[in-house]
Amino acid sequence: MNYIYDIVLNFQNNYYDFFEWRKEDKIVNYSKLPLYKVSNKDLLNLKYNKITVENDLIKKIKESSKSKKIKCLVSNGSSTIALLFDDNGNLLKRSSLIFEEEEEANDYAKKLPITNIKYKENIKVNITNKLRIEIEKKDTLIEYINNTTNPLTLKYLYFEYFDKECNNINTIKSELLKEINKDWTIKQNNLYNIINIFNKNTPIK
């Protein structure tokens, strides 16, 4: 088995480049992880899509590591990412690598044979060029609006965004969510700041 030693990773639900890591992230140093060379197509699938792999890969990773968590590195020789699976083969989290360690993994992977990835599920997710901060702000807005049932709060958010009143809660939610899914604007950011204040002072009702 081929391993990369002493590597720093930051597992997140979505793939984020190293420059988008944050101080508050759970950044962990791993002493040893197995490395597999994969095709360019498989690397893109594993980097972005909703993935469940066949059990043979999970079994192979488990046999190569004493860790309870199923982690590995995959590389096409030009780019390397880390993956975290559950026992059923569901890809849970991904991590980029810091520059120097990715270069080391890329060089090592060039000498390896390609491991073919077999999928139980491979659902395409559209690649976005949005930065992490925008993605996370949108997620916060969507979650808050979906979970809030307080009509006064929703009416206030609607008025702040559209500068007009609406009394239909379903319409309020639908129109706000539609706006949030558009390209990021100052108005969306203002709405995010308002919700942040609400979250600090009052629980969602």
Heavy-atom side-chain proximity of [X] to [Y] below 4.5 angstrom:
{"X": "Tyr119", "Y": "Glu54", "answer": "no"}
{"X": "Asn45", "Y": "Asn122", "answer": "yes"}
{"X": "Ile142", "Y": "Asn181", "answer": "yes"}
{"X": "Leu83", "Y": "Phe85", "answer": "yes"}
{"X": "Lys120", "Y": "Val53", "answer": "no"}
{"X": "Glu179", "Y": "Lys182", "answer": "yes"}
{"X": "Tyr144", "Y": "Thr153", "answer": "yes"}
{"X": "Val74", "Y": "Asp42", "answer": "no"}

If you take all heavy atoms of [X] and [Y], which pair is closest and at what distance?
{"X": "Asn10", "Y": "Lys26", "answer": "OD1-O, 3.9 Å"}
{"X": "Lys173", "Y": "Thr148", "answer": "NZ-O, 2.9 Å"}
{"X": "Ile114", "Y": "Ser39", "answer": "CG2-N, 4.0 Å"}
{"X": "Asn88", "Y": "Asn55", "answer": "O-OD1, 4.4 Å"}

Regarding [X] and [Y], do their side chains bring together a donor and an acceptor under 3.5 Å, going by distance alone?
{"X": "Tyr158", "Y": "Glu165", "value": "no"}
{"X": "Asn190", "Y": "Gln188", "value": "no"}
{"X": "Thr80", "Y": "Asn106", "value": "yes"}

Under 3.5 Å: donor-acceptor pair, side chain of [X], backbone of [Y]:
{"X": "Arg94", "Y": "Lys47", "value": "yes"}
{"X": "Ser75", "Y": "Gly77", "value": "yes"}
{"X": "Lys50", "Y": "Val125", "value": "no"}
{"X": "Ser96", "Y": "Tyr16", "value": "yes"}
{"X": "Lys71", "Y": "Ala82", "value": "no"}
{"X": "Asn168", "Y": "Asn170", "value": "yes"}

Count I, L, V, M, F, W, Y as connected when their side-chain heavy atoms are under 4.5 Å apart, and connections chain through other members. Are [X] and [Y] then in the same cluster?
{"X": "Leu141", "Y": "Tyr156", "result": "yes"}
{"X": "Leu191", "Y": "Phe159", "result": "no"}
{"X": "Leu177", "Y": "Tyr192", "result": "yes"}

Enter the distance from [X]:[atom1] to [Y]:[atom2] here, rounded to the nearest 0.5 Å.
{"X": "Trp184", "Y": "Asn189", "atom1": "CH2", "atom2": "CG", "answer": "5.5 Å"}
{"X": "Asn76", "Y": "Lys37", "atom1": "CG", "atom2": "NZ", "answer": "8.5 Å"}
{"X": "Asn14", "Y": "Glu136", "atom1": "CG", "atom2": "CD", "answer": "8.0 Å"}
{"X": "Leu46", "Y": "Leu43", "atom1": "CG", "atom2": "CG", "answer": "7.0 Å"}
{"X": "Phe18", "Y": "Glu101", "atom1": "CZ", "atom2": "CD", "answer": "9.0 Å"}
{"X": "Asn2", "Y": "Thr115", "atom1": "CG", "atom2": "OG1", "answer": "9.0 Å"}

Open item on the list: I'd like to know if Asp17 pairs up with Arg132 as an ion pair, taking the criterion as any Lys NZ or Arg NE/NH1/NH2 lying under 4.0 Å from an Asp or Glu carboxylate oxygen.
Closed with: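 A salt bridge is absent here (no side-chain N lies under 4.0 Å from a carboxylate O).
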- [ ] Take Leu157 and Phe198 through the side chain to side chain contact (heavy atoms under 4.5 Å, CB included) test and state the conclusion after the steps.
- [x] CA-CA 11 Å; Leu157 293 175; Phe198 287 169; 4.0 Å; yes
TODO: Take Ile70 and Lys62, measure what side chain to side chain contact (heavy atoms under 4.5 Å, CB included) needs, and give me the verdict at the end.
DONE: CA-CA 6 Å; Ile70 306 166; Lys62 283 183 174 181; 3.5 Å; yes
Open item on the list: Students often mix this up, so state it plainly: with edges at 30° and 60°, are the rings of Tyr5 and Tyr3 parallel, tilted or perpendicular?
Closed with: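 Ring orientation of Tyr5 relative to Tyr3: tilted.
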[atom1]/[X]: more than 12 non-hydrogen atoms of other groups inside 6.0 Å:
{"X": "Phe19", "atom1": "CZ", "value": "yes"}
{"X": "Ile123", "atom1": "CD1", "value": "yes"}
{"X": "Ile133", "atom1": "CD1", "value": "no"}

TODO: Kindly indicate, with the supporting measurements, whether the criterion salt bridge (charged side-chain N to carboxylate O under 4.0 Å, His left out) is fulfilled by Lys69 and Asp86.
DONE: CA-CA 7 Å; Lys69 293 186 177 180; Asp86 66 16; over 6 Å; no
Task: Working for side chain to side chain contact (heavy atoms under 4.5 Å, CB included), residues Glu102 and Ser79 - done: CA-CA 7 Å; Glu102 183 174 15; Ser79 179; 3.4 Å; yes
Open item on the list: Ring of Tyr161, cation from Lys187 - is the NZ or CZ under 6.0 Å from the centre and inside 45° of the axis?
Closed with: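 The answer is yes, since Lys187 meets both limits relative to Tyr161.
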Task: Whichever hydrophobic residues join Leu35 through chains of side-chain contacts under 4.5 Å - done: Ile4, Ile7, Leu9, Phe11, Val28, Tyr30, Leu33, Leu73, Leu84, Leu97, Tyr108, Leu112
Task: Criterion side chain to side chain contact (heavy atoms under 4.5 Å, CB included) on Glu121 and Ile51, from CA distance to verdict - done: CA-CA 5 Å; Glu121 183 178 65; Ile51 295 290; over 6 Å; no
